[in-house]
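Encoded as structure tokens, the structure appears first; notes follow it.
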Amino acid sequence: SSITVDDIRAGLWDYATVEVSLVNWADVSMGTLALTKGKLGRIQDGRASFVAELRGLSQHLQQPIGRLYMPACDADLGDSRCGVDLNGSPGLTVTGTITSVASKRSFADTGRGEADGYFDGGKITWLTGNNADLAMEVKTFLNSGGAFTLQLPMPFTVQVGDTYSVHAGCDKTFATCGSKFSNAVNYQGFPHLPGLDRLVSGGL
């Protein structure tokens with residue numbers, strides 16, 4: 001009963017460590033016998049319960065190592081491989097105040113003046129309100145009315161007057177990297193890699 005749906009949706013239990021032990025309930029001073037240990041993976045919430053995936057130590061051995069050769073960039077905007085300074089470059093990270101709310105997923109800030117799609121794929125972080133310190137990826141942004149739509153609804157109600165910070169989004173293409181962020185030199189994809197159609201045509 002101490003684990004709530006709102007906490008799960010807010011990610012408070014993501015990757016939590018789980019330990020299962022055997023104990024003599026008649027004499028707890030005997031200590032515990034460890035049976036298994038792991039971390040929570042995917043968590044699904046339902047109408048009356050939730051289901052959590054318990055991952056053992058061997059799960060780490062299943063993670064891919066190395067890079068894949070593909071046209072799209074595989075770096076996250078603003079990380080060490082990307083090199084874009086989201087806080088130091090003017091206009092990449094901005095703050096604002098919500099002026100109207102349609103749902104936990106859709107709301108607007110009429111003070112925004114950026115172009116359509118400028119924040120698509122970016123991340124909004126709440127500074128005040130019920131969702132303070134939580135973040136979510138932006139699905140779409142429209143200049144008309146400063147309308148935001150998130151990939152997923154926020155766990156708590158969004159209210160008029162809530163303040164936020166949001167950074168520009170990147171679609172991970174070479175063209176966007178160069179034109180929007182002037183960062184083509186650090187592009188972490190392979191935009192000139194021949195596609196499968198070129199390989200099967202024998203035109204290399």
Side-chain angles (χ1 to χ4, degrees), residues 1-19 38-55 59 73-82 84-172 176 180-181:
S1 60
S2 62
I3 301 177
T4 66
V5 172
D6 287 338
D7 286 346
I8 292 174
R9 291 177 177 171
L12 300 184
W13 295 98
D14 290 352
Y15 312 113
T17 299
V18 178
E19 298 181 1
K39 290 184 178 292
L40 292 184
R42 183 181 181 188
I43 303 177
Q44 294 178 303
D45 61 281
R47 299 181 64 180
S49 64
F50 70 90
V51 177
E53 175 188 32
L54 181 61
R55 298 177 176 178
Q59 195 272 339
C73 178
D74 62 357
D76 291 325
L77 181 64
D79 68 11
S80 59
R81 296 173 59 228
C82 167
V84 170
D85 185 356
L86 292 173
N87 296 316
S89 301
L92 292 187
T93 299
V94 297
T95 59
T97 303
I98 300 303
T99 56
S100 64
V101 177
S103 67
K104 292 182 180 180
R105 188 184 175 200
S106 301
F107 41 83
D109 175 4
T110 53
R112 295 260 61 91
E114 292 80 4
D116 287 351
Y118 184 77
F119 297 112
D120 292 6
K123 184 170 69 174
I124 186 170
T125 302
W126 297 97
L127 304 177
T128 62
N130 299 326
N131 297 290
D133 298 326
L134 299 180
M136 182 60 66
E137 182 179 349
V138 177
K139 182 177 181 180
T140 59
F141 170 77
L142 298 177
N143 174 270
S144 177
F148 289 91
T149 300
L150 305 184
Q151 289 286 0
L152 295 172
M154 296 304 303
F156 307 108
T157 303
V158 179
Q159 297 177 320
V160 173
D162 288 354
T163 59
Y164 65 88
S165 69
V166 61
H167 70 67
C170 180
D171 61 7
K172 298 185 180 295
T176 298
K180 187 174 183 178
F181 301 102

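We're numbering straight along the sequence, starting at 1. Just so you know, these numbers come straight off a predicted model, no measurement behind them.
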Response to the item:
Between L92 and V84, the two heavy atoms sitting closest are CD1-CG1, 3.6 Å

Discussion item. Is any side-chain heavy atom of M136 closer than 4.5 Å to one of R105?
Written reply: no

Worksheet item: Taking all non-hydrogen atoms of both residues, which atom of N130 and which atom of T157 are closest, and how far apart?
Response: ND2-O, 3.0 Å

Worksheet item: Are the side chains of F107 and I124 in touch, meaning some heavy atoms are under 4.5 Å apart?
Response: yes

Discussion item. Contact between T163 and T95 at the side-chain level, heavy atoms closer than 4.5 Å - yes or no?
Written reply: no

Discussion item. Quick one, W126 and M154 - any side-chain contact, counting heavy atoms below 4.5 Å?
Written reply: yes

Worksheet item: Does the K172 side chain pair with the main chain of A75, one donor and one acceptor, at a distance under 3.5 Å?
Response: yes

Worksheet item: L12: what forms a side-chain contact (heavy atoms from CB on, under 4.5 Å) with it, not counting sequence neighbours?
Response: D7, A10

Worksheet item: Is the backbone of F156 close enough, under 3.5 Å, to the side chain of N131 for a donor and an acceptor to pair up by distance?
Response: yes

Discussion item. Please find the pair of heavy atoms, one from S106 and one from T149, that lie closest to each other, and give the distance.
Written reply: OG-OG1, 3.8 Å

Item to complete: Taking the side chain as every heavy atom from C-beta outward, state whether K39 and L54 have any atom pair closer than 4.5 Å.
Response: no

Worksheet entry | Test: K180 cationic atom under 6.0 Å from Y118 six-membered ring centre, within 45° of axis | yes

Worksheet item: Among side-chain atoms of T93 and S165, is any donor-acceptor pair under 3.5 angstrom?
Response: no

Worksheet, complete the sentence: Looking only at heavy atoms, the pair that brings N143 and D116 closest together is N-OD1, 2.5 Å

Practice prompt. Would you indicate whether the side-chain heavy atoms of F181 and L77 approach each other to under 4.5 Å?
Written response: yes

Practice prompt. Mind running salt bridge (charged side-chain N to carboxylate O under 4.0 Å, His left out) on R81 and D76 for me, showing each step along the way?
Written response: CA-CA 8 Å; R81 296 173 59 228; D76 291 325; over 6 Å; no

Item to complete: With the side chain counted from C-beta on, respond yes when E137 and K123 share a heavy-atom pair under 4.5 Å apart, and no when they do not.
Response: no

Worksheet item: How far does CZ of F148 sit from OH of Y164, to the nearest 0.5 angstrom?
Response: 4.0 Å

Worksheet entry | Distance-only polar pair, side chains of T176 and D171, donor-acceptor under 3.5 Å | yes

Fill in: Geometric class of the F141/F119 ring pair [parallel <30°, tilted 30-60°, perpendicular >60°]
perpendicular

